[in-house]
2 protein chains.
Amino acid sequence: MPAVSDCIEMLDSETKAVETPEDHAEELRLWLRLLTCTTLIEGEVRGRLRQRFDVTLPRFDLMAQLDKAPEGMTLSDVSKRMMVSNGNVTGLVERLVESGHLDRRTSDTDRRVQVIRLTKLGRAEFRRMAAEHETWIADLFADLSPKDVRELMRLLAKTKASAQKSAGRRRA
Amino acid sequence: MPAVSDCIEMLDSETKAVETPEDHAEELRLWLRLLTCTTLIEGEVRGRLRQRFDVTLPRFDLMAQLDKAPEGMTLSDVSKRMMVSNGNVTGLVERLVESGHLDRRTSDTDRRVQVIRLTKLGRAEFRRMAAEHETWIADLFADLSPKDVRELMRLLAKTKASAQKSAGRRRA
DNA sequence: CCGAATTGTTTTAAGCCTAAAATGTTTCCC
DNA sequence: GGGAAACATTTTAGGCTTAAAACAATTCGG
């Protein structure tokens, strides 16, 4: 059983939560650090893709999605997977079809739907880029031990779940 | 002293590094998860800022930098801190001066330099937004324990250092 | 002191990105 | 069957973003 002073503390801290602004400086710092890491790595990858293959990161990301779906994907699927807007995908696909990396056709069973997939050229170029890309990522994370990687994976999974829950609460 | 079999293993793994492609699937998955978390949270914050205050995330970020520097900052400083290109800052500042949130003047001692700072209006609006913003972040990370937060901070610091080192190697 | 780097900012050209409205298609259900 | 709702995509308008080139001002080395 908790001491009286503990109970007072607990009550106190719960009261505070309603009456006075809580201190969330730690979470804020965590968010900024997370953002910094991502921006840093993303910028590095973007630059290398540009220099080595003259390709943009969004194009690479889109091709990566399609590489995992040999039978093709709809634009909506791509949009959800990449977590970008529908209109964004439209333009991206347009340019990749233009450059011969993507094939696009209207679904036979539903004329609303556009199915896109990698062309032979698109797949070949993507595989070539992906192989090198993987070594860049390995190098960027090189100072993390296997244990660090596992632990980060676990904590980020928890973070993702927490954020999704919070986003859900807002939309509800 | 390591056993003979260990030596063989070590040699083997070092040889592999050169001769055959290493497996970096774990690092790749980690990078994708990191990116997912950031995109998720960033999108959520962007949406809330727009709905509640009709402001964009980049504008908010720029004001956040200036709020920490009452004496003002140069465009280069802002650009480095925000990790975006110089030209990007120019446009952003233009719009924020236009809307009365920023004050901009040429340095007395160096006519190349533009010093910007928040106006009274800009500071007041930022403080109002920042207070609410902090509660959003707290909510998005709500399911993480204080220990999780500390551990994530530590691992992300390590990640940042590793990525910076790797980026430095490339530029060298 | 003067030309050559260096530094700070802006401009340019192209592409990325979003939210919201518009368009076309399918499904649901009465 | 015939609307209403839901869905997939495109369009629109505006803003963000980058890399590279251009411009302007300062500093540095001889």
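Lettering of chains follows the sequences in order, A, B, ..., and the numbering in each one begins at 1.
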Any base atoms under 4.0 Å from Asp110(B), or only sugar-phosphate, or nothing? Heavy atoms, all strands. sugar-phosphate
Between dG14(D) atom P and Asn88(B) atom CG, what is the distance in whole Å? 19 Å
Spacing of Arg171(B) atom CZ relative to dA19(D) atom P, expressed in whole Å: 12 Å
Side chain of Ser85(B) - closest among dT18(D), dT9(C), dA8(D): dT18(D)
Distance in Å, Glu42(A) CD paired with Trp31(B) CH2, rounded so as to fall on 0.5 Å steps: 5.0 Å
Side-chain contact check for Arg59(A): nearest option of dT17(D), dG15(C), dT9(C) is dG15(C)
Atom pair CZ/OG1 of Arg50(A) and Thr56(A) - distance to nearest 0.5 Å: 9.0 Å
Choose from dT11(D), dC16(C), dT18(D) the nucleotide whose nearest atom is closest to any side-chain atom of Arg46(A). dT18(D)
Before giving the answer on salt bridge (Lys or Arg N to Asp or Glu O under 4.0 Å), spell out for Arg154(B) and Glu151(B) the whole-Å C-alpha distance, their side-chain angles and the decisive distance to 0.1 Å. CA-CA 5 Å; Arg154(B) 185 183 72 79; Glu151(B) 191 62 3; 2.8 Å; yes
Taking 4.0 Å as the cut-off, does a side-chain nitrogen or oxygen of Asn86(A) come that near to OP1 or OP2 on dT9(D)? no
Between Asp139(B) and Arg170(A), does at least one N-O distance fall below 4.0 Å, as a salt bridge requires? no
For Val115(B) and for Arg111(A), locate the closest nucleotide of DNA chain C by heavy-atom distance; then report the residue assigned to the nucleotide nearer the 5' terminus. Val115(B)
Length of the CZ-P vector between Arg105(A) and dT9(D), whole Å: 12 Å
Name the closest nucleotide to the Gln114(B) side chain, picking from dT18(C), dT9(C), dC16(C). dT9(C)
Roughly how many Å is it from CG in Leu57(A) to C1' in dA19(D), rounded to a whole number? 15 Å
For DNA chain D, whose closest nucleotide is more 5', that of Arg104(A) or that of Arg50(A)? Arg104(A)
What's the closest nucleotide to the side chain of Thr90(B) if the choices are dG15(C), dT9(C), dT26(C)? dT9(C)
Nearest to the Val113(B) side chain among dA8(D), dA25(D), dT9(C), which nucleotide is it? dT9(C)
Using a 4.0 Å heavy-atom cut-off, does Ser79(B) contact any base of the nucleic acid, only the sugar-phosphate backbone, or nothing at all? nothing
Nearest nucleotide by nearest heavy atom, which residue falls closer to the 5' end of DNA chain C, Arg112(A) or Met82(A)? Met82(A)
Spell out, as yes or no, whether a donor-acceptor pair under 3.5 Å connects the side chain of Asp148(B) to the backbone of Ser145(B). yes
Take the protein atom CG of Asp54(B) and the nucleotide atom P of dT18(C), then report the distance between them rounded to whole Å. 18 Å
Need one value for Leu92(B): base, sugar-phosphate or nothing, where a base atom within 4.0 Å counts as base even if backbone is also close, heavy atoms only. sugar-phosphate
Using only side-chain N and O atoms of Ser76(A), determine if any of them is under 4.0 Å from OP1 or OP2 of dT9(D). yes
